[in-house]
Each structure stands twice: as structure tokens, then as C-alpha cells.
*Asks:* 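Take this structure, written in C-alpha cells, and hold onto it; I'll ask about it next.
A quick note: this is a predicted structure, and the numbers were derived from the prediction, not measured. Counting from 1, the numbers follow the sequence of the chain as shown. Values reported hereafter were calculated over all heavy atoms of this structure, with side chains retained and with hydrogens, waters and symmetry mates removed.
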Amino acid sequence: ALLCESPVGEMLPKPSDHTPSLIALTANNWLIRMSTKTAEILEKIYISSQWKFRYLTWDDTQETIVAKTTQNKVTAAARAAGIQHSVLLHLALFRVLPLAFVGMLGIDKNIFGNNVTDATVSHGLFIV
């Protein structure tokens, strides 16, 4: 979970945007923003039914966040059968206050190379 506080002196669309909140990923892929005072869910976005998102980090503190899936690992049985996954993981980018989906990117080994092991977004930079 990430702690989110509204910027000082900035006009925000909803009164609830001015309350301190936690942003978290649920086990069933909901991205939620909840009040730290009342535990009320202020906003929520369903990310995906195709991939399991597990990691949440700030891209730009208090502005954008990145949700990242677990890595697609090929099992020994799948490898023996010749099955290969070219997509290592997915990144989803969200704007904060109000919570809004910006975009999603699959990290494909066919594009970024077979040696890619991880990826993230930090301070507006896409890092592979």
C-alpha cells in the first residue's frame, strides 16, 4: 500500500481528494484508494482479469503510480513441451487524485530481448 496526501494549496475535483488515503492492490486485482481516517473506499478501479497484479510503486510521488504483475515463468514441463511465454510481465500506469487509468504495457522478450529480467517506471522513465 502507498500513502497518499493531497498537495497543499491545489484545487482538486472532489472533497474526498483532500483526505489522507492509502492506495492498495487487492487480491482480486482492484486498485483502491481508501480513507486513512474512516477506511471508506473513496475510489476503485478494476485492473484486469487476465494478469495478476501484485506490486505497487510510485512513479512520481503523489502524482502517478505503477502496478506490476508477477513475472510469467515457464514451468519445466512447459519448457519440455516447447511452450514459451514471450511476455515477461505487465505494467499499468495510473494518475492519482482522482484515480485514473493511463495505460498498460507488456514487457515482451521478443521486443526487449531474451535477457530482460525486470522492468519498471520511475520519475517518468521506463526502465528495462
*Asks:* Can you measure from NE2 (H123) to CG (D59) and round to the nearest 0.5 angstrom?
*Replies:* 8.0 Å
*Asks:* Quick check against the 3.5 Å criterion: does E40 have a side-chain atom that pairs as donor or acceptor with the backbone of S35?
*Replies:* no
*Asks:* Checking the side chain of T36 only, and the main-chain atoms of P20 only, is there a donor and an acceptor separated by less than 3.5 Å?
*Replies:* yes
*Asks:* Give, for atom CG of L31 and atom CG of L2, the distance between the pair rounded to the nearest 0.5 Å.
*Replies:* 9.0 Å
*Asks:* Using the rule that two of Ile, Leu, Val, Met, Phe, Trp, Tyr join whenever any of their side-chain heavy atoms come within less than 4.5 Å, decide whether V66 and L22 are in one cluster.
*Replies:* no
*Asks:* Determine the minimum heavy-atom distance between H90 and T69, stating which atoms define it.
*Replies:* N-OG1, 2.8 Å
*Asks:* Could you tell me if T70 and R54 have a donor-acceptor pair between their side chains, going purely by distance under 3.5 Å?
*Replies:* no
*Asks:* Donor-acceptor pair, Q71 side chain versus T117 backbone, under 3.5 Å?
*Replies:* yes
*Asks:* Quick check: does any side chain N or O of N29 sit under 3.5 Å from a backbone N or O of W51, one acting as donor and the other as acceptor?
*Replies:* yes
*Asks:* Determine, using ring centers only, whether F112 and F126 are less than 6.0 Å apart.
*Replies:* yes
*Asks:* Could you state the interatomic distance from NZ (K52) to CG (N28), rounded to the nearest 0.5 Å?
*Replies:* 7.0 Å
*Asks:* Kindly give the heavy-atom pair with the smallest separation between S122 and I127, and that separation in Å.
*Replies:* CB-CD1, 4.1 Å
*Asks:* So, taking the atom named CD1 in I32 and the one named OG in S21, what distance separates them when rounded to the nearest 0.5 Å?
*Replies:* 10.5 Å
